[in-house]
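Notes follow the structure.
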Amino acid sequence: MKQNPRLLAVIDYQNDFVTGALSFDSASEIDEGIAHLVQTYLAQGDHVLFTYDTHGDDYLQTREGRALPVPHCNPKESGWRLYGKTQEQCCETCANSQIHTVCKGTFGIAPEDVIALGRELPDLQEILVVGVVTNMCVISNAILLQAQWPEAQITVDAALCRGFDQSLHEKALDVMESLQMQVIHR
């Protein structure tokens, strides 16, 4: 096991955000870049976290579902799966102990799941965050990761994050910078 491994956090890069219920045009543009990073991190002995936005049949009765009444990311449907080449990278290495997955029922990872991940990876020094949607799930999870690993360098790759609203994407990047995260490729 590599000492002081790094973590690549791939946030919600699922079919429903790229080609499905909540898709937006620019989401598909980051697939090759994310897939390449996954391959690189795994080859270097580092870790990759995939978060999955996950909602059940009762989604429309939840607080989020009432505010955003578009059913999405149900694990019974293909929209829940990772997208494109990123999915291929995950599937080729599914048994790999370097890959971690978290299903989350709202924007951020549940506290108990962040704590469990912290126990699995106590010595992280660097965390790179990519994925969708920048102003919702990316920012929420970047903050939770920073809270779990307060001494780790949190970096957000703006070129590999997307949001359905460019203005909110930029504002979220500004907020993450203000929280002492490094935002690169802006």
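When every heavy atom of Cys73 is checked against every heavy atom of Trp80, the shortest pair comes out as O-CD1, 3.3 Å. Thr106 and Asp53 make their closest contact through O-OD1, 4.0 Å (heavy atoms, listed as atom of the first residue, atom of the second, distance). The nearest pair of heavy atoms linking Cys103 to Thr54 is CB-OG1, 3.4 Å. In terms of heavy-atom proximity, Leu68 sits nearest to His72 at CD2-CE1, 4.2 Å. Counting all heavy atoms, side chain and backbone alike, Pro71 lies closest to Ala21 at O-CB, 3.4 Å. When all heavy atoms of Val183 and Ala158 are compared, the pair lying nearest together is CG1-CB, 4.0 Å.
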Output, in order, the C-alpha distance, side-chain angles, deciding distance and verdict of side chain to side chain donor-acceptor pair (under 3.5 Å) for Tyr83 and Gln14. CA-CA 5 Å; Tyr83 175 75; Gln14 295 163 266; over 6 Å; no
Using the side-chain contact (heavy atoms from CB on, under 4.5 Å) rule, take Leu160 and Leu37 through it: C-alpha gap first, then chi angles, then the decisive distance, then the call. CA-CA 10 Å; Leu160 295 177; Leu37 276 177; 3.4 Å; yes
Test side-chain contact (heavy atoms from CB on, under 4.5 Å) on Cys161 and Ile30; report intermediate values, then the result. CA-CA 7 Å; Cys161 291; Ile30 60 177; 5.8 Å; no
Audit row: Arg186, Asp174, salt bridge (Lys or Arg N to Asp or Glu O under 4.0 Å) steps and yes/no: CA-CA 10 Å; Arg186 196 163 185 186; Asp174 288 343; 2.7 Å; yes
Evaluate the side chain to side chain donor-acceptor pair (under 3.5 Å) criterion for residues Ser78 and Asn15: first the C-alpha distance (whole Å), next the side-chain angles of each, then the deciding distance (0.1 Å), finally the verdict. CA-CA 7 Å; Ser78 64; Asn15 288 325; 5.1 Å; no
So Val133 and Phe24, side-chain contact (heavy atoms from CB on, under 4.5 Å) or not? Walk me through it. CA-CA 10 Å; Val133 168; Phe24 53 98; 4.1 Å; yes
Check the pair Lys76, Asp57 against salt bridge (Lys or Arg N to Asp or Glu O under 4.0 Å), reporting the backbone distance first and the verdict last. CA-CA 9 Å; Lys76 297 176 187 174; Asp57 295 333; 2.6 Å; yes
Evaluate the criterion side chain to side chain donor-acceptor pair (under 3.5 Å) for residue pair Asp165 and Asn135; output intermediate values, then yes/no. CA-CA 9 Å; Asp165 180 313; Asn135 61 292; over 6 Å; no
Side chain to side chain donor-acceptor pair (under 3.5 Å) assessment of Gln44 paired with Arg6: CA-CA 9 Å; Gln44 293 176 352; Arg6 301 177 306 155; 2.5 Å; yes
Verify side-chain contact (heavy atoms from CB on, under 4.5 Å) between Leu82 and Phe50, making sure each step is shown before the conclusion. CA-CA 9 Å; Leu82 294 173; Phe50 292 103; 3.6 Å; yes
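Counted within 6.0 Å of CD on Gln61, heavy atoms from surrounding residues, nucleotides or ligands total more than 12; the atom is thus considered enclosed. By the 6.0 Å contact criterion, CZ on Arg66 is enclosed, its count of non-hydrogen atoms from other residues, nucleotides or ligands being greater than 12. The neighbour count for Glu32 CD, taken as heavy atoms of other residues, nucleotides or ligands under 6.0 Å away, does not exceed 12. Heavy-atom neighbours of Glu120 CD from other residues, nucleotides or ligands within 6.0 Å: above the threshold of 12. The environment of Asp58 atom CG is dense: over 12 non-hydrogen atoms of other residues, nucleotides or ligands sit within 6.0 angstrom.
Placement of Trp149 and Val138 within a single hydrophobic cluster is found when ILVMFWY residues are connected by side-chain heavy-atom separations under 4.5 Å, directly or transitively. A single hydrophobic cluster is not seen to contain both Leu144 and Val48; linkage of ILVMFWY side chains at heavy-atom distances under 4.5 Å, directly or through other members, places them apart. Residues Val130 and Leu179 do not share a hydrophobic cluster, clusters being chains of Ile/Leu/Val/Met/Phe/Trp/Tyr side chains in contact below 4.5 Å. Residues Leu7 and Ile184 are members of separate hydrophobic clusters, defined by side-chain heavy-atom contacts under 4.5 angstrom among Ile, Leu, Val, Met, Phe, Trp and Tyr. One hydrophobic cluster, built from ILVMFWY side chains closer than 4.5 Å, cannot hold both Leu117 and Tyr13; they sit in different ones.
Within the model, atoms CG of Leu145 and CG of Leu128 stand 11.0 Å from one another, a figure rounded to the nearest 0.5 Å. A distance of 12.0 Å separates CG in Asn141 from CE in Met136, rounded to the nearest 0.5 Å. Distance check: Ile139 CD1 to Ile11 CD1 gives 12.0 Å after rounding to the nearest 0.5 Å. Here Ile109 contributes atom CD1 and Leu49 contributes atom CG; the two are 5.0 Å apart, rounded to the nearest 0.5 Å. A distance of 15.0 Å separates CD in Gln148 from CD1 in Ile143, rounded to the nearest 0.5 Å. Here the straight-line distance linking atom CG of Leu8 with atom CD of Gln98 works out to 11.5 Å at 0.5 Å rounding.
Checked by atom type and distance alone, the side chain of Glu126 never pairs as donor or acceptor with a backbone atom of Gln153 at under 3.5 Å. With Ser140 contributing its side chain and Cys137 its backbone, the two residues share no donor-acceptor pair below 3.5 Å. The main-chain N or O of Thr86 is found under 3.5 Å from a side-chain atom of Asp31 such that the two form a donor-acceptor pair. Side-chain atoms of Thr40 come within 3.5 Å of backbone atoms of His36 as a donor-acceptor pair (strictly under, hydrogens ignored).
Ring geometry, His100 versus His47: the interplanar angle falls from 30° to 60°, so the pair is classed tilted.
For the side chain to side chain donor-acceptor pair (under 3.5 Å) criterion with Thr134, the lone passing option out of Lys171, Glu170, His169, Arg162 is His169.
Side-chain contact between Asn74 and Asp16 is absent, with no heavy atoms from C-beta onward closer than 4.5 Å. Contact of the Val38 side chain with the Val10 side chain is registered, since non-hydrogen atoms from C-beta on lie closer than 4.5 Å. In this structure the side chain of Glu64 reaches within 4.5 angstrom of the side chain of His55, judged on heavy atoms.
Of the charged side-chain nitrogens involved, at least one lies within less than 4.0 Å of a carboxylate oxygen, so that Lys104 and Asp12 count as a salt-bridged pair.
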